[in-house]
Amino acid sequence: MTKKKRKELTFVEKMQKITGSGISGSPVPNRVGVNVNSLGSIEERVQNLIGIIKQFKSTSMLFFVMYDIESNKVRNQVFKYLQKMGCFRVQRSIFIADLSREKYEQIRSDLVEVQGCYENEDSILIVPVSTELLRSMKIIGKSIDVDLIMKTKNTLFF
């Protein structure tokens with residue numbers, strides 16, 4: 001004995017069935033009328049939003065990677081690796097990144113492993129930095145878009 005397959009209803013047909021079943025005038029959930037005059041100024045509302053956003057703990061880590069590597073071949077491979085991992089090149093041998101802690105640990109462990117693979121006098125520094133310190137950094141010469149690196153450019157719509 002085979003079961004008859006039901007015809008799949010389209011969205012419009014489903015909505016017609018719902019309206020035909022007598023459901024109408026359903027209240028809008030979680031909607032409370034607000035007196036616009038009691039909201040406060042736009043500056044106060046923006047400050048409230050910024051306060052809410054600052055409460056969230058970041059899962060990303062801001063850090064510099066700096067290296068002094070003699071071998072052109074190794075240096076080029078490290079350069080390509082850091083770019084592939086999402087680091088931004090600031091100068092020839094200096095990168096900055098705002099990545100997840102997992103990626104930070106992966107980069108750190110991979111670079112430790114690379115450093116140990118061959119005999120060298122090279123040095124690689126990975127320096128975690130806070131957003132406050134980065135923002136207070138003074139740049140002389142070519143400008144660096146720190147907001148782009150930190151992904152902090154946002155647009156608020158009201």
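Since the model is a prediction, treat every value here as computed from it, not as a measurement.
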* **Arg135 and Glu132 ion-paired at < 4.0 Å** => no
Does [X] reach the side chain of [Y], with side-chain heavy atoms less than 4.5 Å apart?
X      : Y      : result
Leu111 : Val65  : yes
Leu99  : Ile107 : yes
Asn120 : Glu70  : no

* Verify the distance criterion only: is there a donor paired with an acceptor across the side chains of Asp122 and Gln115 at less than 3.5 Å? =>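 Distance-only check fails for Asp122 and Gln115.
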Which pair of heavy atoms, one from [X] and one from [Y], lies closest together, and at what distance?
X      : Y      : answer
Ser136 : Leu133 : OG-O, 2.9 Å
Met85  : Lys103 : O-NZ, 3.5 Å
Cys87  : Phe95  : CB-CD2, 3.8 Å

Can you measure from [atom1] ([X]) to [atom2] ([Y]) and round to the nearest 0.5 angstrom?
X      : Y      : atom1 : atom2 : answer
Ile94  : Phe64  : CD1   : CZ    : 7.5 Å
Leu82  : Tyr67  : CG    : OH    : 6.5 Å
Ile124 : Ile69  : CD1   : CD1   : 4.5 Å
Ile96  : Leu134 : CD1   : CG    : 4.5 Å
Asp110 : Glu113 : CG    : CD    : 6.5 Å
Arg108 : Ile126 : CZ    : CD1   : 7.0 Å

* same_hphob_cluster(Val112, Leu125) at 4.5 Å side-chain heavy-atom cutoff -> no
* With distance as the sole test, does Arg101 use its side chain to make a donor-acceptor pair with the main-chain N or O of Tyr104 at under 3.5 Å? ->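 Flag not set: sc Arg101 to bb Tyr104 has no pair under 3.5 Å.
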